[in-house]
Amino acid sequence: MRRRTRAGSGRTTRFLVILAVVLALCAGGFLLLPAGRNLIEDTRDKLGKSKPVTPVRVEASAEVPGRPAGNATDGLSNRYWGAPGPGASVTCTFAKPFRLVAVIVTNGASTSPEDYAREGRALRIDMEVTASDGRKSVRKLTLIDKPGPQTFPTGISDAITVRLTLDAPAGLDGDRHLALAELEFFQRS
């Protein structure tokens, strides 16, 4: 004996379940899209190659005489930007927006251990990156108190300016000032 069923009795229920699943997937995709986009960009940064990018303008909030901010981006690690103390900042402006994948900081007066110890150094740098649309990303860079370049991966899109503020000084006694030998910026190629 067969059971009788009404025509279309399960269609409405199936339609509502399918609609709920589709809406849930759309909502999840919408909510997770920025995280997914960031994951894709970070993966591209790690798998891709990077190339240096040079700022078109370098300005400092303060400088000691004979140690201008431009020394920090001149490609030479034996010349440095001299800042009178913590809180001084250097702002690098770039010609066009780019994906900032890394920053290399060569702290102190030089990569030579003798020259490095002659001036004060910042052991923390507050980095503020401004995007072309005005969004700001802030990172704290903690440096090791040793001569030589230190690399910091960043992964920030549409960077147009980078401001670095010196903090947590070491070796800043007597008539010494803070020294920052070199800043290098890298974009995805």
Side-chain angles (χ1 to χ4, degrees), residues 45 50-188:
D45 291 347
S50 62
K51 65 180 182 180
V53 59
T54 305
V56 293
R57 188 171 66 236
V58 180
E59 300 171 305
S61 63
E63 304 171 331
V64 294
R67 302 293 180 184
N71 285 355
T73 59
D74 65 358
L76 304 171
S77 62
N78 61 349
R79 297 183 348 162
Y80 64 88
W81 165 50
S89 65
V90 62
T91 303
C92 300
T93 305
F94 298 88
K96 61 182 181 175
F98 67 100
R99 171 88 175 164
L100 179 63
V101 296
V103 175
I104 296 178
V105 177
T106 304
N107 204 8
S110 172
T111 56
S112 138
E114 300 81 30
D115 292 338
Y116 178 83
R118 288 194 181 127
E119 296 297 344
R121 290 90 49 204
L123 297 183
R124 191 176 74 230
I125 296 177
D126 296 330
M127 181 177 74
E128 180 182 270
V129 180
T130 304
S132 58
D133 64 0
R135 276 181 302 111
K136 295 188 185 295
S137 298
V138 177
R139 305 275 168 86
K140 292 193 181 300
L141 310 179
T142 302
L143 293 110
I144 299 167
D145 194 10
K146 67 173 189 163
Q150 298 177 49
T151 303
F152 299 92
T154 53
I156 301 171
S157 294
D158 298 323
I160 197 73
T161 64
V162 178
R163 183 177 60 156
L164 299 151
T165 304
L166 305 180
D167 198 10
L172 191 62
D173 51 341
D175 60 347
R176 293 179 174 193
H177 53 268
L178 291 176
L180 186 65
E182 196 64 28
L183 294 169
E184 300 172 72
F185 304 94
F186 290 86
Q187 67 181 341
R188 190 167 54 209

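Note that this is a predicted model, so its numbers are computed, not measured.
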Rounded to the nearest 0.5 Å, how far apart are CD of Gln187 and NZ of Lys96? 7.0 Å
Per the side chain to side chain contact (heavy atoms under 4.5 Å, CB included) rule, which among Thr73, Val58, Thr165 passes with Val90? Val58
Determine the sole option in Arg163, Arg139, Arg135, Lys140 for which the salt bridge (charged side-chain N to carboxylate O under 4.0 Å, His left out) test with Glu128 is passed. Arg163
Quick check: do Asp126 and Val138 have side-chain heavy atoms less than 4.5 Å from each other? no
Can you tell me how far CG of Asp167 sits from CG of Leu143, rounded to the nearest 0.5 angstrom? 11.0 Å
Quick check: closest heavy atoms across Val64 and Ala83, and the distance to 0.1 Å? CG1-C, 4.1 Å
Just wondering, do Asp158 and Ser132 contact through their side chains at under 4.5 Å, heavy atoms? yes
Shortest non-hydrogen contact between Thr154 and Ala102, atoms and distance: OG1-N, 3.3 Å
Of all the heavy-atom pairs spanning Ser50 and Val101, show the shortest one and how long it is. CB-CG2, 3.7 Å
Got a second to check how far Leu141's CG is from Leu123's CG, nearest 0.5 Å? 12.5 Å
Gap separating the CD atom of Gln150 from the CG atom of Asn107, nearest 0.5 angstrom: 6.5 Å
Do Asp74 and Arg79 have side-chain heavy atoms sitting under 4.5 Å apart? yes
Give the minimum heavy-atom separation between Glu63 and Trp81, together with the two atoms involved. CG-NE1, 3.8 Å
Does either side chain, that of Asp145 or that of Tyr116, offer a donor lying less than 3.5 Å from an acceptor on the other one? yes
Heavy-atom distance under 4.5 Å between the side chains of Leu100 and Phe186, does that happen here? no
Salt bridge (Lys or Arg N to Asp or Glu O under 4.0 Å) for Arg176 and Glu119? Distances and angles first, verdict last. CA-CA 5 Å; Arg176 293 179 174 193; Glu119 296 297 344; 5.5 Å; no
Regarding Arg99 and Ser157, do their side chains bring together a donor and an acceptor under 3.5 Å, going by distance alone? yes
Mind checking the CD1-CG spacing from Ile125 to Leu166? Nearest 0.5 Å is all I need. 5.5 Å
Min side-chain heavy-atom separation Lys136-Val129 under 4.5 Å: no
Where is the tightest heavy-atom contact between Ala181 and Ser110, given as atom of each residue plus distance? CB-N, 4.3 Å
So how far is it from Leu183 CG to Cys92 SG, rounded to the nearest 0.5 Å? 5.5 Å
Specify the closest pair of heavy atoms between Pro169 and Leu172, including all atoms of both residues, with the distance to one decimal. CB-CD2, 3.8 Å
Less than 4.5 Å apart, side chain to side chain, heavy atoms only: is that true for Pro55 and Thr91? no
Among Phe98, Phe152, Phe94, find the residue that satisfies the ring pair (Phe, Tyr, Trp, His ring centres under 6.0 Å) test when tested with Phe185. Phe94
